[in-house]
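These numbers come from a predicted model, not from an experiment. Throughout, a chain's letter reflects where its sequence line sits, starting with A, and its residues are numbered from 1.
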Protein chains: 2
Amino acid sequence: MEKYENLLRNSNIKVTPQRLAIVEELDGHVHMSIEELYEAIKKKFPSISLATVYKNINAMMDQGFMQEVKVPGQKSKYELTKAPHSHVVCENCGKVEDIALDLEKVTQDAANMTRYEVRGKALILSGICPACKTAS
Amino acid sequence: MEKYENLLRNSNIKVTPQRLAIVEELDGHVHMSIEELYEAIKKKFPSISLATVYKNINAMMDQGFMQEVKVPGQKSKYELTKAPHSHVVCENCGKVEDIALDLEKVTQDAANMTRYEVRGKALILSGICPACKTAS
DNA sequence: TTAAATGCAAAAAATTTGCAGACGT
DNA sequence: ACGTCTGCAAATTTTTTGCATTTAA
């Protein structure tokens, strides 16, 4: 995970094993709640404390490294900052996936209707994922 | 607020002054956090307890009367259930507004790409509202 | 070497629960 | 009258903070 070490270093944020563990965990799972992250990291890093996870999530969010995904009906999940994108969440299994959707038109419409200077767009679609549909 | 009395009554949920106060407050302000609701209602109804606000929000959400709006960067706000719609939030003053946007195309795209059976759509745009733009 | 990070325990904030009395229907 | 709701206090849960020690650079 060389790439993350450098990304962190370039941003007045020290590279600690705890931080790398968080980043690597997210790099694998993509979307996890605080508690999920903590439990997962404890397996490889039993001494980590929950406070450290909180502090680091907050620090990395302040630096723009990480973003909160406010999922309807469940706890917030966190992801490493990537290109802007939308999310799809399965109402059955809770899984969250990224999806690249074109929100240009919708954003234009909104700007015209509200006169807002629109800066951010957060779209979360929910439904039943193919796996859960098959299973039921 | 006759209308709400009947709506509540038709749904095995008793009409109490506390509940009417919550509903009337939201009917006026549309989007409020738990704490905002509690503070506002206390003015007209000093004996209400925070626990009652929580219990009623939860009860009315269970009944589908009320919905949580998970706003990026601030506490969740609540609104009375209306026709599906999107939201615009001002990053400066925190105000949340409803907006009717056509998400048909975007939803279709998402369904095609993910094979999800899409049921819900939550879009929150953020930016600077006209009032804050003028003021700055 | 030095400022920043960790981990613990304690504090604070947010939310839920149990229960006796009050209230809606 | 009956079952539900309220308000209080206590219990949980979630998140933040202070501080002594350790660690990255």
Provide, to the nearest angstrom, the distance between the [atom1] atom belonging to [X] and the [atom2] atom belonging to [N].
X	N	atom1	atom2	result
A:Leu37	D:dT15	CG	P	12 Å
B:Leu8	C:dG24	CG	C1'	13 Å
A:Arg9	C:dA5	CZ	C1'	15 Å
B:Asn6	C:dG24	CG	P	16 Å
A:Tyr4	D:dA24	OH	P	21 Å
A:Ile13	D:dA25	CD1	P	11 Å
A:Phe45	C:dT6	CZ	C1'	9 Å
B:Tyr38	C:dA13	OH	P	15 Å

Is any side-chain nitrogen or oxygen of [X] closer than 4.0 Å to OP1 or OP2 of [N]?
X	N	value
B:Lys75	C:dA14	yes
A:Thr16	C:dT6	yes
A:Gln18	C:dG7	yes

Exercise for review: Under 4.0 Å from any atom of DNA chain D, heavy atoms only: list the residues of residues 54-65 of chain B that qualify, in numerical order.
Suggested key: B:Lys55, B:Asn56
Check your understanding: Would A:Asp102 and B:Lys105 pass as an ion pair if we require N to O under 4.0 Å?
Key -> no
Practice item. Considering only NZ, NE, NH1 and NH2 on the basic side and carboxylate oxygens on the acidic side, decide whether A:Glu117 and A:Arg119 come within less than 4.0 Å. Key: yes
Check your understanding: Between A:Thr81 and A:Gly64, is there a donor-acceptor pair closer than 3.5 Å when you use the side chain of the first and the backbone of the second?
Key -> yes
Review point. Any donor and acceptor pair, going by atom type alone, linking the side chain of A:Lys133 with main-chain N or O of B:Arg115 inside 3.5 Å?
Key: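 Side chain of A:Lys133 to backbone of B:Arg115: a pair is present.
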Review point. Would a hydrophobic clustering, with Ile, Leu, Val, Met, Phe, Trp and Tyr connected at side-chain separations under 4.5 Å, put B:Ile99 with B:Val96?
Key: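 As far as the 4.5 Å side-chain criterion goes, B:Val96 and B:Ile99 are not connected within one cluster.
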Review point. Under 4.5 Å between any side-chain heavy atoms of A:Ile48 and A:Lys42, yes or no?
Key: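 Yes, their side chains come closer than 4.5 Å.
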Would you mind classifying the nucleic acid contact of [X] as base, sugar-phosphate or nothing, using non-hydrogen atoms under 4.0 angstrom?
X	result
A:Glu35	nothing
A:Ile48	sugar-phosphate
B:Pro46	nothing

Practice item. Using the closest heavy atom to pick a nucleotide of DNA chain C for each, name whichever of B:Lys14 or B:Ile34 lands nearer the 5' end. Key: B:Ile34
**Study point:** A:Ser49 or B:Leu50, whichever maps to the more 5' nucleotide of DNA chain C
**Key:**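 Counting from the 5' end, the first nearest nucleotide belongs to A:Ser49.
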Study note, to complete from the structure: Picking from C:dT25, C:dG7, C:dA5, the nucleotide nearest the side-chain atoms of A:Ser47 would be C:dG7
**Study point:** Enclosure of A:Lys43 NZ (heavy-atom neighbours >12, cutoff 6.0 Å)
**Key:** no
